[in-house]
Amino acid sequence: MEIFRDLSLLWSLFHILILFMLLYRSRYSVRKTFLLTGLTMGPLILLNIAGVAVYGTAVMGKIFIFTCTLPSLLFFWFVSKDKKGRFFFTFCLADTVALWIIAVTNLADFYVGGGQYILMFIGRLLLFPLLEWAAVKRLRKPYLELQGAVARGWGIVAGMTALYYILLAVMADYPVPITQRPQELPAFILILVLMPMTYATIFMALYSQLLLYRKQQSERILQEQKNALEAQLDNQQRIRRMKHDMKGHTAMLSGLLSAGKMQEALGYLQSVETEMDSLSGQFCANPYLNAVFAYYFGKLQEMGAECRTDIQIGEEELPYMELCQILSNGLENAYDALKGMDREERKVSVQMKYSRDCLLMRIRNRCSEELTVEKGTIPSTNKEGYDHGFGLATIQEAAERLEGEMFCYTESGNFVLDVMLSCRSFRKNTAQR
């Protein structure tokens, strides 16, 4: 009957990998991830099975952390996109849940199945696929979204999960298997009951964070859309006023030309042209980006800020939703920074350049001399309220969706926001829409 024990162990180790791969974010493609996992973890699993066959479960159970857990942790740490609390929580979660199933089936087989390993094998044969089905149907999508959305708070839950793993491992096998320590069985059962309740509490808290993040993002997107619509309405009203004023301009030009004052007429015509460009708010050919420019430059000019633009984009088909997010959040940050500056210090410039390979954007604005931001870091906000502190993080997420990068830093009393986006992602993005 020991064949059922060995098969159930092999089945368990294999499904620990599947469960973890369902929940973590790899930095490689799916194909490369599976290839690396098979080449690395396959031999590791076989070595542990051979150890069980030679030394028995009692011996291997005591050193399982060193023969399987730590090597697999190092491998997946290398493959994983996340390197800190998110990774360790996911790794410990998969291992601890699998260890929980192993412990429960061990107890059931010993006390109900007569120690024949048949009940153990059947239990694991059913429970692991059931767990993975639940993970795919209920957990995977929101959990992956949560890993991308929430950056803080993972360390403490990762530490708690690691302690649960160590507690289960110690209680199950040290100094001898729990089945040989019946006096400690009630405490072990309480741990087995408490663990799912603790995880349920953790996931409820994390899911609440996700719902809050979604709400904040939705409100921010709605505000950006509202700003764009207000800018378009404002442009329309200005154009109507310009049409109304054209009668007066035409009369003035007619009078100058009738009097033979050609130079005065040309000068007046140039001033009218300048006024028309200003009123229409024509910054670029893209109507969505132009609406964002018009809205924020109107706000900046109202506060007396000096605004400069160098926009080198035409009528290319661009992923306007992400670009509007990046541009509006960047200009909102500039606007907030300039509000605290003296009027003569309020300066902002925007550069955008589109090429065949990439789109480059730089927003540069004056900031407090006390502000110091190193490249590669995101400064924290000192504004109060739940709807603040997400601008730069939103820009970074939007840039990553377009296979790009965002950097911000301070230099010579200026805050600089650089965004580089891959044009290859533009075609993918527009095709999906």
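Side chains are part of it too, since the values below use all heavy atoms of this structure and drop only hydrogens, waters and symmetry mates.
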_Could you walk me through whether E411 and K375 satisfy the salt bridge (charged side-chain N to carboxylate O under 4.0 Å, His left out) test, starting with their C-alpha distance in whole Å, then the side-chain angles of each, then the deciding distance to 0.1 Å, before giving a yes or no?_
CA-CA 10 Å; E411 62 173 15; K375 183 177 287 190; over 6 Å; no
*First locate atom CD1 of I311, then atom NZ of K353, and finally report the distance between them rounded to the nearest 0.5 Å.*
13.0 Å
*L185 CG to I178 CD1 distance, which is reported to the nearest 0.5 Å*: 6.0 Å
*Whether T40 side chain and T37 backbone form a donor-acceptor pair below 3.5 Å*: no
*Honestly, is R27 close enough over F78, meaning NZ or CZ under 6.0 Å from the six-membered ring centre and within 45° of the axis?*
yes
*Quick one: list whatever passes ring-ring contact (aromatic ring centres under 6.0 Å, His included) with F188, sequence neighbours left out.*
none
*Are the side chains of F91 and S72 in touch, meaning some heavy atoms are under 4.5 Å apart?*
yes
*Do you know which two heavy atoms are closest between I313 and Y354, and how far apart they sit?*
CG2-CB, 3.3 Å
_For K347, salt bridge (Lys or Arg N to Asp or Glu O under 4.0 Å) partners two or more places apart_ = none
*Write down the atom of V348, the atom of A334, and the distance for their closest heavy-atom approach.*
CG2-CB, 4.1 Å
*asked:* Do I326 and M406 make a side-chain contact, defined as non-hydrogen atoms from C-beta onward lying under 4.5 Å apart?
replied: no
*asked:* To the nearest 0.5 Å, what is the distance between CG on L39 and CZ on F34?
replied: 13.0 Å
*What are the two closest heavy atoms between C408 and L417, and how far apart are they?*
CB-CD1, 4.2 Å
*Hey, is CZ on F14 packed in by over 12 heavy atoms from elsewhere, all under 6.0 Å?*
no
*Taking only residues two or more places apart in sequence, or in another chain, which ones meet E306 in a salt bridge (Lys or Arg N to Asp or Glu O under 4.0 Å)?*
R308
*Quick one: are F88 and W77 in side-chain contact, heavy atoms under 4.5 Å?*
yes
*asked:* Would you compute the distance between atom CG of D95 and atom OG1 of T161 and round it to the nearest 0.5 angstrom?
replied: 11.0 Å
*Begin from the C-alpha positions of V170 and I166 and carry the test side chain to side chain contact (heavy atoms under 4.5 Å, CB included) through to its verdict.*
CA-CA 6 Å; V170 170; I166 295 171; 4.1 Å; yes
*Might you confirm whether atom CE of M420 has over 12 heavy atoms from other residues, nucleotides or ligands at distances under 6.0 Å?*
no
_Set of residues satisfying side-chain hydrogen bond (donor to acceptor under 3.5 Å, both in side chains) with respect to N106, sequence neighbours excluded_ = R124
*Decide yes or no on side chain to side chain contact (heavy atoms under 4.5 Å, CB included) for Y164 and C92, but give the supporting numbers first.*
CA-CA 9 Å; Y164 260 117; C92 293; over 6 Å; no
_Do M352 and L359 have side chains that approach each other closer than 4.5 Å (heavy atoms only, starting at C-beta)?_
yes
*Should the heavy atoms of other residues, nucleotides or ligands under 6.0 Å from CD of E344 be counted, would the total exceed 12?*
yes
*Any donor-acceptor pair under 3.5 Å from S80 side chain to K83 backbone*: no
*Look at the side chain of R25 and the backbone N and O of K81, then say whether any donor-acceptor pair between them is shorter than 3.5 Å.*
no
_Distance in Å, L93 CG paired with I202 CD1, rounded so as to fall on 0.5 Å steps_ = 8.5 Å
*R346 side chain to R366 main-chain N or O, any donor-acceptor pair under 3.5 Å?*
no
*Counterpart residues, ring-ring contact (aromatic ring centres under 6.0 Å, His included), relative to Y24 (two or more places apart)*: F20, F76
*Compare all side-chain heavy atoms of Y165 with those of T69 and state whether any distance is below 4.5 angstrom.*
yes
*asked:* For T372 versus T410, what's the shortest heavy-atom pair and its separation?
replied: CA-OG1, 3.5 Å
*asked:* Let me confirm one number: the CG-CG distance from N365 to L331, rounded to the nearest 0.5 Å.
replied: 9.0 Å
*asked:* Counting neighbours of CD1 on I156 that are heavy atoms of other residues, nucleotides or ligands and sit closer than 6.0 Å, is the number greater than 12?
replied: no
*Begin from the C-alpha positions of T67 and L47 and carry the test side chain to side chain contact (heavy atoms under 4.5 Å, CB included) through to its verdict.*
CA-CA 9 Å; T67 60; L47 284 174; over 6 Å; no
*Which is it for Y295 and S328 under the side-chain hydrogen bond (donor to acceptor under 3.5 Å, both in side chains) test, yes or no, and what are the steps along the way?*
CA-CA 9 Å; Y295 174 78; S328 61; over 6 Å; no
*Do the side chains of M21 and M41 get nearer than 4.5 Å, heavy atoms only?*
no
_If I compare all heavy atoms of C324 with all of V292, which pair ends up nearest, and what's the gap?_
SG-CG2, 3.9 Å
Name each donor-acceptor pair under 3.5 Å that joins a side chain in residues 128-140 to protein atoms two or more places apart or in another chain, with its distance.
residue : atom : partner : partner atom : Å
E132    : OE1  : H15     : ND1          : 3.1
E132    : OE2  : H15     : ND1          : 2.5
R140    : NE   : L22     : O            : 2.9

*Please walk me through it: do L99 and I16 pass side chain to side chain contact (heavy atoms under 4.5 Å, CB included)?*
CA-CA 9 Å; L99 190 59; I16 292 173; over 6 Å; no
*Shortest non-hydrogen contact from A169 to Y174?*
O-CD1, 3.7 Å
*asked:* A side-chain contact here means heavy atoms from C-beta on lying under 4.5 Å apart; do D82 and W154 qualify?
replied: no
